[in-house]
**Student:** 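The structure's right below; bear with me while I get my questions together.
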2 protein chains.
Amino acid sequence: MRVKEVAERLGVTADTVRFYTRIRLLNPNTNPHNQYKEYSHADVERLKFVVAARSLGFTVEDISTIIAKAEDHQSPCPTVRQIIEKRLEETERQFQDLIALRARMSAAIAQWEDTPDRVPNGHMICHMIESFAGGFSDDTEK
Amino acid sequence: MRVKEVAERLGVTADTVRFYTRIRLLNPNTNPHNQYKEYSHADVERLKFVVAARSLGFTVEDISTIIAKAEDHQSPCPTVRQIIEKRLEETERQFQDLIALRARMSAAIAQWEDTPDRVPNGHMICHMIESFAGGFSDDTEK
DNA sequence: ATTGACCTATGTCTAAGACATAGGTGTAGC
DNA sequence: GCTACACCTATGTCTTAGACATAGGTCAAT
């Protein structure tokens, strides 16, 4: 199978499969004539694993580590448990950040609802943003 | 003022200020002797705007656009309104994605709670991930 | 043999800084 | 004046996970 067929089968783009191949996460045979890659059943299985792990929040580097351990006949499970808990914490942080960002955006939009547009006056760039953010920080002197 | 002082005053890293300077979002004077940048009061004001806008979800490119409009004596307000609504939609999408991801991660962790670690058996890489993800997709034949 | 639609590999690009490196500054001690 | 030495600087490179652009290959219909 060539790259596009593999990609469609697993619901990812051909570029994604090419990317995984480029970083040697997949190692299909190469036709020496035209450099086309030929993906075997084993390659597809492996890709399936990669896609599943990605969908669980593992980074590509995480996945390389996990596969390397498995190929070395070590159980990757402890690593997997450890990584996913770290990723879950990160996700939680992103989540909080995103909630805060959304709140700021919504508040700004609400506050601007009845704010008239204004032409810049030389000491402000955009009064909406500047007045929304307030003093924002120190500015004692030059 | 030099880069570090400016950065500390606004609660960002010196690298951030250097980055904005590199892309000409800030244009401090340069000491021709050692290439050190000297930030004026006006530079600090401008950075303050950039930091405020970033915290509202504007990208650096958005901000460049806004500033360019303002310097051209056009009101940036319509642009600002338009951009922030787009960004808010994006944020909403990310938010949904993040919720789904978090749910998958939590479910996986819960399911693995009492799952024993296992050594790879040759046709699986990590039974936890593979069984969590299920068949995941088609796999008709080579 | 040629066309044309579709496919391929490879190189480059992205956002927003972080990090590494080599060199400059400035104060303290001599 | 000179030297340490801690701290600072500018610049170049690296990061993620692919997307996009380009040049060239494949293959069925003509």
Side-chain angles (χ1 to χ4, degrees), chain A residues 1-39 43 47 49-67 83 86-87 90-91 93-94 97-98 101, chain B residues 1-39 43 47 49-67 83 86-87 90-91 93-94 97-98 101:
Chain A
M1 287 159 57
R2 300 207 290 219
V3 64
K4 188 159 191 262
E5 187 180 349
V6 178
E8 278 173 359
R9 223 177 256 215
L10 292 193
V12 297
T13 71
D15 274 330
T16 295
V17 178
R18 285 195 196 98
F19 171 66
Y20 295 157
T21 304
R22 213 180 316 206
I23 63 175
R24 322 197 114 279
L25 202 49
L26 299 176
N27 300 290
N29 288 330
T30 297
N31 179 329
H33 172 53
N34 54 14
Q35 299 299 105
Y36 283 20
K37 308 297 185 292
E38 183 66 21
Y39 295 86
D43 291 320
L47 176 58
F49 174 78
V50 176
V51 171
R54 288 285 298 129
S55 84
L56 277 172
F58 293 89
T59 67
V60 168
E61 198 182 351
D62 291 339
I63 298 169
S64 295
T65 304
I66 293 165
I67 292 180
I83 292 173
K86 182 149 53 95
R87 295 283 169 260
E90 291 170 10
T91 302
R93 266 193 295 280
Q94 288 176 43
D97 290 352
L98 215 50
L101 173 61
Chain B
M1 287 159 58
R2 300 206 289 218
V3 65
K4 188 157 191 262
E5 187 180 349
V6 177
E8 278 173 358
R9 225 178 253 214
L10 292 193
V12 297
T13 69
D15 274 330
T16 296
V17 178
R18 284 195 197 100
F19 171 64
Y20 294 157
T21 304
R22 213 179 316 205
I23 63 175
R24 320 199 111 274
L25 203 50
L26 300 176
N27 300 291
N29 288 329
T30 297
N31 180 328
H33 172 54
N34 54 14
Q35 299 298 106
Y36 283 21
K37 309 296 185 294
E38 183 64 21
Y39 295 85
D43 291 320
L47 176 58
F49 175 77
V50 176
V51 172
R54 287 286 298 129
S55 84
L56 278 173
F58 293 89
T59 67
V60 167
E61 199 181 350
D62 291 339
I63 297 169
S64 295
T65 304
I66 293 166
I67 291 181
I83 292 172
K86 182 150 51 93
R87 296 283 169 260
E90 291 170 10
T91 301
R93 267 194 293 282
Q94 287 177 43
D97 290 352
L98 215 50
L101 172 61

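Below, chains carry the letters A, B, ... as their sequence lines are ordered, and counting in each starts from 1.
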**Student:** Using side-chain heavy atoms (C-beta onward) and a distance below 4.5 Å, is Arg87(B) in contact with Asp62(B)?
**Tutor:**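 Counting from C-beta outward, Arg87(B) and Asp62(B) do come under 4.5 Å.
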**Student:** So what does Asn34(A) hit on the nucleic acid, given a heavy-atom distance under 4.0 Å: a base, only sugar-phosphate, or nothing?
**Tutor:**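 Sugar-phosphate only.
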**Student:** Partners of Thr65(B) by side-chain hydrogen bond (donor to acceptor under 3.5 Å, both in side chains), sequence neighbours excluded?
**Tutor:**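 Here no residue qualifies.
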**Student:** In whole angstrom, give the distance that lies between atom CD of Glu5(B) and atom C1' of dT25(C).
**Tutor:**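 Answer to the nearest Å: 15 Å.
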**Student:** Rounded at 0.5 Å granularity, tell me how far OG1 in Thr59(B) sits from CD in Glu90(B).
**Tutor:**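 So the OG1 of Thr59(B) and the CD of Glu90(B) are separated by 8.5 Å.
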**Student:** Can you name the nearest heavy-atom pair linking Val60(B) to Arg54(B), along with the distance?
**Tutor:**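 Answer, listing the atom of Val60(B) first, then Arg54(B): CG2-CD, 3.9 Å.
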**Student:** In terms of heavy-atom contacts, does CD of Glu61(B) have more than 12 from other residues, nucleotides or ligands at under 6.0 Å?
**Tutor:**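 Counting other residues, nucleotides and ligands, CD of Glu61(B) stays at 12 neighbours or fewer.
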**Student:** Find the distance Phe58(B):CZ to dA15(C):C1' and express it as a whole number of Å.
**Tutor:**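 Computing the Phe58(B):CZ to dA15(C):C1' distance gives 17 Å.
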**Student:** Could you walk me through whether Lys37(A) and Val3(A) satisfy the side chain to side chain contact (heavy atoms under 4.5 Å, CB included) test, starting with their C-alpha distance in whole Å, then the side-chain angles of each, then the deciding distance to 0.1 Å, before giving a yes or no?
**Tutor:** CA-CA 7 Å; Lys37(A) 308 297 185 292; Val3(A) 64; 6.0 Å; no
**Student:** Under 4.0 Å: is that the gap between some side-chain N or O of Thr13(B) and OP1 or OP2 of dA18(C)?
**Tutor:**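 Answer yes for this pair, as a side-chain N or O of Thr13(B) is under 4.0 Å from OP1 or OP2.
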**Student:** Rounded to the nearest 0.5 Å, what separates atom CG in Leu56(B) from atom CD1 in Ile63(B)?
**Tutor:**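 Result: 9.0 Å between the selected atoms.
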**Student:** Let me know, please, whether Lys4(B) or Glu61(A) comes out on the 5' side of the other along DNA chain D by nearest nucleotide.
**Tutor:**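 The 5'-side residue here is Lys4(B).
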**Student:** So if I take the C1' atoms of five pairs at each end of the helix from dA1(C)-dT30(D) to dC30(C)-dG1(D) and get each local axis, what angle do the two axes make, rounded to 10 degrees?
**Tutor:**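 Helix axis angle between the two ends: 30°.
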**Student:** Show me the donor-acceptor pairs within less than 3.5 Å that the side chains of residues 10-25 of chain A make with the rest of the protein, sequence neighbours left out.
**Tutor:**
from, atom 1, to, atom 2, distance (Å)
Thr13(A), OG1, Asp15(A), N, 3.4
Thr13(A), OG1, Thr16(A), N, 3.0
Thr13(A), OG1, Thr16(A), OG1, 2.9
Asp15(A), OD1, Arg18(A), NH1, 3.1
Thr21(A), OG1, Val17(A), O, 2.7
Thr21(A), OG1, Tyr39(A), OH, 2.7
Arg24(A), NH1, Asn27(A), OD1, 2.9

**Student:** Heavy-atom contacts under 4.0 Å between residues 16-33 of chain B and DNA chain D, which residues?
**Tutor:**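 Residues of residues 16-33 of chain B under 4.0 Å from DNA chain D: Arg18(B), Arg22(B).
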**Student:** Asp43(A) versus Val6(A): any side-chain heavy-atom pair under 4.5 Å?
**Tutor:**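 They are not in contact (no side-chain heavy atoms under 4.5 Å apart), so the answer is no.
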**Student:** Under a 4.0 Å threshold between the charged nitrogen and the carboxylate oxygen, would Glu5(A) count as salt-bridged to Arg2(A)?
**Tutor:**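 Answer for the salt bridge query: no.
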**Student:** Which residues satisfy the side-chain contact (heavy atoms from CB on, under 4.5 Å) test with Asp97(B), sequence neighbours excluded?
**Tutor:**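 Here no residue qualifies.
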**Student:** Could you tell me from which nucleotide to which nucleotide of DNA chain D, 5' to 3', there is an atom under 4.0 Å from chain B heavy atoms?
**Tutor:**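 Nucleotide range with atoms under 4.0 Å of chain B: dC8(D) to dT13(D).
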